[in-house]
Amino acid sequence: MSQTPDFLVYGSPVSPFVRKVLACAIEKGAGFDLEPMNIMDPPDYFAILSPMKRIPILRDRSIAPEGDHANAQGTIADSSAICGYIDKKHPQPGLYPAQAFAHGRALFFEEYADTVLAPAAGLGIFRPIFFAIAQGKEPDFSSARNAWAENMPTVLNYLEGALGDADYFAGDALSIADIAITCCFMQVELVAKAPLDAWPALKAHHERMNARPSIAGPFAQAASFVRKALPEPFDLT
Ligand SMILES: N[C@@H](CCC(=O)N[C@@H](CS)C(=O)NCC(=O)O)C(=O)O
């Protein structure tokens, strides 16, 4: 008989931040359930569990099981906080470099993904397409094309240089940096073909990351949802 896992993730794999949390849990072999939470029609207890009104939210059922959601007991909001928690609870394999400087760099890249890459990919490209379709409106392909041509190159040039010849963004093993950057970039790929030929180091990194079930699995779930509304990724070029 399978045991109920401690972790319950509220959200949707369509969110890059939810996929980041799922990737951490999968890399560590930590079981989880996913409870769908739609940010366009959230439940009335959303702000109780997530004061910043964002997904993902993690519940650790070993701290507090689901109840009436009247308080946030047993829950943590924000993907960075959640991934840090998962890493403490399941230390192996470590997703935060042991070496101090590499650790700092990993946290920096996670923040860069959150603050710079996610808005460029999500707000700039994903939302004008998918949110419009989901709301029955015409997708804004021209603003998405413009974001790819005007805004993304600066971000991708920076990441290409920061990665250089290395296999990973921080230290010499997979870390939260690689997961965060990949999940946020893939938000573009949910709606569009996003060729990385002009950024060969990033392209190779992306292919290696894509070969990991922790990245590919949650992305496939998101893509199958998005494909119902947008059967083909559109051409950004
Ligand atoms: N810094 C947050 C960002 C989370 C975030 O922005 N989530 C989006 C979905 S991808 C959200 O919940 N947005 C709510 C809204 O736009 O109303 C994290 O890492 O968890």
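Side-chain atoms are counted along with the backbone in the values below, which use heavy atoms only and exclude waters and symmetry mates. Quick caveat: nothing in here was measured; it's all calculated off a predicted structure. Just so you know, ligand 1 is whichever comes first in the structure, and atom 1 is the first atom listed for that ligand.
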Q: Using a 4.0 angstrom limit on heavy atoms, which residues are close to ligand 1?
A: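 Under the 4.0 Å cut-off, ligand 1 touches Ser15, Pro16, Phe17, Ile39, Lys53, Arg54, Ile55, Pro56, Asp78, Ser79, Asp114, Arg127.
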Q: Would the Tyr10 and Phe46 ring centres measure less than 6.0 Å apart?
A: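 No, the ring centres sit 6.0 Å or more apart.
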Q: Rounded to the nearest 0.5 Å, what's the gap from CE on Met209 to CG on Leu174? Could you check?
A: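 Spacing of CE (Met209) from CG (Leu174) equals 5.0 Å.
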Q: Sequence neighbours excluded, which residues qualify as salt bridge (Lys or Arg N to Asp or Glu O under 4.0 Å) partners of Lys89?
A: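 Scan of Lys89 (salt bridge (Lys or Arg N to Asp or Glu O under 4.0 Å), adjacent residues dropped) gives Asp6, Asp60.
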Q: Would Phe108 and His103 count as a close aromatic pair, with their ring centres under 6.0 Å?
A: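 For Phe108 and His103, the ring centres are not under 6.0 Å apart.
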Q: Does the ring centre of Phe169 sit less than 6.0 Å away from the ring centre of His205?
A: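 Yes, they do, as the ring centres are separated by less than 6.0 Å.
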Q: Looking only at the side chains, is there a donor atom on one of Glu27 and His90 sitting less than 3.5 Å from an acceptor on the other?
A: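 Note: Glu27 and His90 side chains miss the donor-acceptor criterion.
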